[in-house]
There are 2 protein chains.
Amino acid sequence: MNLQQLRYLQEIARRDLNISQAADALYTSQPGISKQIKLLEEELGIEIFVRNGKRIASITEPGRLVLDIAQRLLLEADNLKLVGQEFRSQDTGSLTIATTHTQARYALPPVVKQFIERYPGVKLNLHQGNPTQIAEQALNGEADIAIATEALDQYDELVTLPCYEWHHCLIVPQDHPLLNEDELTLAKLAEYPIITYDFAFSGRSKINQAFEAEGLTPNIVLSAIDADVIKTYVDLGLGIGIVAEMAFVPERDVRLRRLPLDHLLKSNVTRLALRRNEFLRGYTYHFIELFASHLTRDVVVNTLRKKKETLRE
Amino acid sequence: MNLQQLRYLQEIARRDLNISQAADALYTSQPGISKQIKLLEEELGIEIFVRNGKRIASITEPGRLVLDIAQRLLLEADNLKLVGQEFRSQDTGSLTIATTHTQARYALPPVVKQFIERYPGVKLNLHQGNPTQIAEQALNGEADIAIATEALDQYDELVTLPCYEWHHCLIVPQDHPLLNEDELTLAKLAEYPIITYDFAFSGRSKINQAFEAEGLTPNIVLSAIDADVIKTYVDLGLGIGIVAEMAFVPERDVRLRRLPLDHLLKSNVTRLALRRNEFLRGYTYHFIELFASHLTRDVVVNTLRKKKETLRE
DNA sequence: CTTGCTTACGAGACTCGTAATAATT
DNA sequence: AATTATTACGAGTCTCGTAAGCAAG
């Protein structure tokens, strides 16, 4: 048994049990992988894959267990390399953040600015995507940190930490009748065409819930995946917009007005996700603390080693 | 980087940083280990050991981290092998219990009897030792389960589970004046020479605490590490004995009498300890459940993956 | 007939043991 | 002087890539 075999195994699992694809991904030959997997199965004395003649059909039950363990093991192997890098060169390396438009555009810029000044030797990458993509990038190590408001909680292998709480707000053209209302209600909002986030983005679920709870059906005329699109169409007069409060910038959005919705919609919590048990570089802790000052190194370390909430077995 | 290098590393750490001893323990050559460690250090780009010329003096800070990770990684490697064994042959293998006299002599026999009947193919080993030895055997994998009333809680790498609660009792010769007392008090006990457990065994700490709390100094004339020795000397008239209640067997100890001490001494909890994150064979779960029926497989699985209570970093 | 896994085989790399060397106690 | 680590070197093994074979869809 060796690490290489386990890497092969992991890659096969990632590539839908296709050995050829795994070979391509790892820049090696397909027969090589095939043989090593055979050897591994032989050594462990179990079949990892169910084979249909010469095709791999599925994973066996013990295979699933083996895969699980192998992944934890490989994570520790990565950690070893990271420890090396950390001590070899404290402040150089790379840091990849997977996040959504809202965070990348409105929440992260000041953090990034501070970070790159402090760590000029660290190559900072931002991957933008939807919450599911983000979570998966964190899961398979493509990203070191995932930041989003939705969907991060659904993976056993990820640890999540609350970063900050925010509310939605209403944005309307500067001459809109709603600006004269004494008290905003969902019912009044429902009278106008609404432009807001696409399903699965930036707390859209909270918006749906609120209207449903009052038996209202909002007239969503456009669902966008980012606030800039929403603001553009609100400006054009297509409807009223509901966006994250961070996304309204008075200096820039001069033709729009903001109205708070704190009392109508539940608040949202933006969270970040890390791979459980991963070793983090010193600058990664620093980045996290820059983003959410309560997430000190100690807090993060403690959470990283916490128990899983649910177990599959 | 490969598993072998990490095994070498682990063994060196276990053998007080002596490469020659590690080589002996692993049945390999000393230069071989030396070289592989060098290679590992080179690959990680850090020094793991502090060298004084040609002697290894200590572990560096990054080395300690590396060692920590390596141990977790190797545990998972062991787990892979165990998964193999589990599925290859469900009911054969070995199970090693490290425990104290009290448990081995009075608590375990019925469990062992049932177990060997149910699993004739499993080689069951019992290692007797003091609580510290027991914990260490569990730690380095010499034992699969440690069972004791003391000392198990002090290791990060071990998970402990409560098995059962018990009290001490007083044993006296059949004609002893204390048998005529209406109500036993610690003060009355302190009037007689006492024979009980050695420090660090079977709840001795609870006994000391109780007397101290009342400002009494018991006259301990003999401290033994097992109840059989205690009973022998009580029978000889050397004093009165305080032992675990399980250790008194009316049918056998016919010349002695038992008096309850539940109201005078705090109760004790016997616990078992497992290595955190270890994969357990099916029959191991079964053994645990035979010993403590509330410790079902699910309960144990959940605890094994729990977070550490304290972190060193 | 294309995709995908396995078998066969050989070049090159790696591991490990022995022997010699050197430093520390 | 004895213990212990490093260096040197060679035999044997292992890994991996190419090429050929073969089963499944």
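A, B, ... follow the sequence lines: proteins, then strands. Residue 1 opens every chain.
Of the side-chain N and O atoms in R51(A), one or more sit less than 4.0 angstrom from OP1 or OP2 of dT6(C). In this structure, S34(A) does not reach the dT7(C) phosphate: none of its side-chain N or O atoms is under 4.0 Å from OP1 or OP2. An OP1 or OP2 oxygen of dT7(C) is reached within less than 4.0 angstrom by a side-chain nitrogen or oxygen of K38(A). Residue N18(A) places at least one side-chain N or O under 4.0 Å from the OP1 or OP2 atom of dC5(C).
Between F49(A) atom CZ and dG4(C) atom P there is a gap of 15 Å when expressed in whole angstrom units. Per the geometry, NZ belonging to K35(A) stands 9 Å off P belonging to dT15(D), to the nearest Å. E43(A) has its CD atom 15 Å from the C1' atom of dT15(D), to the nearest Å. If you take CD of Q30(A) and C1' of dT7(C), they are 11 Å apart, rounded to a whole angstrom. In this structure, D16(A) places its CG atom 12 Å from P of dC5(C), rounding to the nearest Å. The CG-C1' distance, from L17(B) to dA5(D), rounds to 13 Å in whole Å. Atom CD1 of I56(B) is separated from atom P of dT4(D) by 12 Å (rounded to the nearest Å). Residue E42(B) contributes atom CD, which lies 12 Å from atom P of dT15(C) at whole-angstrom precision.
Taking a cutoff of 4.0 Å between a charged side-chain nitrogen and a carboxylate oxygen, R15(A) and D24(A) do not qualify as a salt bridge. E157(B) and R276(B) are not joined by a salt bridge, as no carboxylate oxygen comes within less than 4.0 angstrom of a charged side-chain nitrogen.
The base of dT25(C) has none of its N or O atoms less than 3.5 Å from a complementary donor or acceptor on the side chain of R55(B).
Contacts of L26(A) with the nucleic acid, taken as non-hydrogen atoms under 4.0 Å apart, are absent. Counting any heavy atom pair closer than 4.0 Å across all strands shown, S20(A) reaches sugar-phosphate atoms only and no base atom. Within the nucleic acid shown, Y8(A) comes within 4.0 Å of sugar-phosphate atoms alone, with no base atom in reach, counting heavy atoms only.
For N2(B), whose side chain is taken as the heavy atoms from C-beta onward, the closest listed nucleotide among dT6(D), dT15(C), dG4(C) is dT15(C). In the set dT4(D), dT6(C), dC16(D), the nucleotide with an atom closest to the side chain of I19(A) is dT6(C). Comparing dC5(C), dA8(C), dT15(C) against the side chain of P31(A) picks out dA8(C) as the nearest. Considering only the side chain of K54(A), dG21(D) comes nearest among dC16(D), dA5(D), dG21(D). Out of dA5(D), dC16(C), dT15(D), the shortest distance to the side chain of T28(B) is found at dC16(C).
Ring centers of F201(B) and H101(B): at least 6.0 Å apart, outside the cut-off.
Mapping N52(A) and Q4(A) onto DNA chain D by nearest heavy atom places Q4(A) closer to the 5' end of the strand. In this structure, Q21(A) and Q36(B) both approach DNA chain C, and ranking their closest nucleotides by distance from the 5' end singles out Q21(A).
No donor-acceptor pair closer than 3.5 Å links the side chain of R271(A) to the backbone N or O of I147(A).
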Let's go through L274(A) and L158(A) carefully: what are the C-alpha distance in whole Å and the side-chain angles of both, what is the deciding distance for side chain to side chain contact (heavy atoms under 4.5 Å, CB included) to 0.1 Å, and is it a yes or a no? CA-CA 5 Å; L274(A) 303 165; L158(A) 295 181; over 6 Å; no
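Taking the side chain as every heavy atom from C-beta outward, H127(B) and T99(B) never approach each other to under 4.5 Å.
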